[in-house]
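Note that these values count all heavy atoms, side chains included, but never hydrogens, waters or copies made by symmetry. Computed from a prediction, not measured in an experiment: that's the story for all the values here.
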Amino acid sequence: MEIDVILKLLAPIFTGAVGLIVKGYIEAKPKLILYLVHASAIPLNDEKNTNVNTHSIVVRNTGKKTANNVRIGHNYLPKSYQLYPKLTHEVKEGANSSSEILIPTLVPGEEVNISYLYFPPDTYHNVNSYCKSDEVSARPVSVIPAPHLNKFQLVLIWSLIFIGASTTVYAAFLAILAWAK
């Protein structure tokens with residue numbers, strides 16, 4: 001067999017193997033995502049024109065491992081807050097009225113919604129500060145509603161990515177062979 005035929009056969013196999021190894025390495029840990037779901041000021045329509053501010057965040061473990069000691073930091077933790085679903089947590093007070101909510105574990109796929117209620121001049125910018133676990137820091141995500149791709153579109157996209165990666169690996173093999181001569 002010619003070396004060119006061997007390289008054409010090895011390129012997709014090599015690409016697939018590397019892809020699986022990288023996927024396993026990336027997914028073999030917790031992955032915390034922090035969503036700011038909403039923030040609003042609600043008028044009470046009373047004689048004092050009082051407003052009440054509210055916002056919600058969602059912390060979700062989208063990884064493949066359990067996140068341990070999830071800490072949600074606050075510059076200021078309002079007295080009126082609620083976790084849903086109700087789960088075991090602890091509030092640790094810090095300096096200068098800072099505090100953090102400590103959740104012992106978030107298993108893969110688990111999420112917790114935290115809703116806050118407070119009065120001006122405080123806004124959601126003043127409340128939350130960070131979110132992290134023993135393993136990773138949470139990645140904040142801006143939520144924009146968008147339709148999901150159907151299975152055909154996903155298969156097509158991943159097939160094209162695989163073909164492109166295999167072609168790149170094949171070209172790299174050819175370049176290495178040309179350089180070695």
Run the numbers on Lys31 and Arg139 for side-chain contact (heavy atoms from CB on, under 4.5 Å), then give the verdict. CA-CA 8 Å; Lys31 183 178 176 186; Arg139 183 172 56 99; 4.1 Å; yes
Could you walk me through whether Val70 and Leu102 pass the side-chain contact (heavy atoms from CB on, under 4.5 Å) test, one step at a time?
-> CA-CA 6 Å; Val70 177; Leu102 174 63; over 6 Å; no
Heavy-atom nearest pair, Thr15 first then Ser166, reads OG1-CA, 3.5 Å
Over 60° means perpendicular and under 30° means parallel, so tell me whether Tyr124 and His55 are parallel, tilted or perpendicular. tilted
Quick one: are Ile101 and His74 in side-chain contact, heavy atoms under 4.5 Å? yes
* To do: Measure the shortest side-chain to side-chain distance between Ile72 and Val59 over non-hydrogen atoms and say whether it is less than 4.5 angstrom.
  => yes
Separation between OG1 (Thr88) and NZ (Lys86), nearest 0.5 Å, reads 12.0 Å
Apart from Ile13 itself, members of its ILVMFWY cluster (side-chain separation under 4.5 Å) are none
inquiry  = Would you say that Ile103 contacts Leu83 through its side chain, given a criterion of any heavy-atom pair below 4.5 Å between the two side chains?
reply    = yes
So Ser80 and Tyr118, do their side chains get closer than 4.5 Å, heavy atoms only?
no
For residues 97-116, the salt bridge (Lys or Arg N to Asp or Glu O under 4.0 Å) pairs (sequence neighbours left out) are Arg60-Glu111, Arg71-Glu100
inquiry  = Quick check against the 3.5 Å criterion: does Ser98 have a side-chain atom that pairs as donor or acceptor with the backbone of Ala95?
reply    = yes
So salt bridge (Lys or Arg N to Asp or Glu O under 4.0 Å) across residues 36-54, not counting sequence neighbours, yields none
Excluding Val52, membership of its hydrophobic cluster (Ile, Leu, Val, Met, Phe, Trp, Tyr; side-chain heavy atoms within less than 4.5 Å) reads Leu44, Leu117, Phe119
Quiz prompt | Greater than 12 external heavy atoms within 6.0 Å of Tyr130's OH | solution = yes
inquiry  = Is there a path of hydrophobic side-chain contacts, each under 4.5 Å between heavy atoms of I/L/V/M/F/W/Y residues, joining Leu87 to Ile114?
reply    = yes
Residues at least two apart in sequence or cross-chain that pass ring pair (Phe, Tyr, Trp, His ring centres under 6.0 Å) with Phe173, listed by chain then number, are Phe14
- Message: Less than 4.5 Å apart, side chain to side chain, heavy atoms only: is that true for Thr66 and Leu106?
- Response: no
Residues at least two apart in sequence or cross-chain that pass side-chain contact (heavy atoms from CB on, under 4.5 Å) with Pro120, listed by chain then number, are Asn51, Asn53
Determine whether a donor-acceptor pair (N or O, by modelled atom type, separation under 3.5 Å) exists between the side chain of Ser133 and the backbone of Glu135.
yes
* Asked: Does the side chain of Pro104 come within less than 4.5 Å of Asn68's, by heavy atoms?
  -> no
To the nearest 0.5 Å, atom CG of Asn128 lies from atom CG of Leu34 at 7.0 Å
Residue pairs passing the salt bridge (Lys or Arg N to Asp or Glu O under 4.0 Å) test with at least one member in residues 155-178, sequence neighbours excluded, are none
Separation between OG (Ser129) and OH (Tyr76), nearest 0.5 Å, reads 14.0 Å
Taken in chain and number order and not counting sequence neighbours, the residues that satisfy side-chain contact (heavy atoms from CB on, under 4.5 Å) with Lys29 are none
Nearest heavy-atom approach of Ile3 to Leu177 is CG1-CD1, 3.7 Å
Smallest heavy-atom separation, Tyr35 atom then Ile33 atom, equals CZ-CG2, 3.4 Å
Exercise for the section: Would you mind reporting whether Lys92 and Glu90 have side-chain heavy atoms less than 4.5 Å apart? Expected result: yes
Correct closest heavy-atom pair for Pro30 and Asn61 would be CA-OD1, 3.7 Å
Residues passing the side-chain contact (heavy atoms from CB on, under 4.5 Å) test with Leu174, sequence neighbours excluded, are Asp4, Leu7, Tyr170
Sorted by chain and residue number, the side-chain contact (heavy atoms from CB on, under 4.5 Å) partners of Ser56 (sequence neighbours excluded) come out as Val37, His38, Asn113, Ser115
Can you find a pair of side-chain heavy atoms, one from Asn126 and one from Thr123, that are under 4.5 Å apart? yes
For Ile161, the other hydrophobic cluster members (4.5 Å side-chain criterion, sorted by chain and number) are Leu149, Leu154, Ile157, Trp158
Residues 158-168 vs salt bridge (Lys or Arg N to Asp or Glu O under 4.0 Å), sequence neighbours excluded, gives none
Separation between CD1 (Ile57) and CG (Leu36), nearest 0.5 Å, reads 8.0 Å
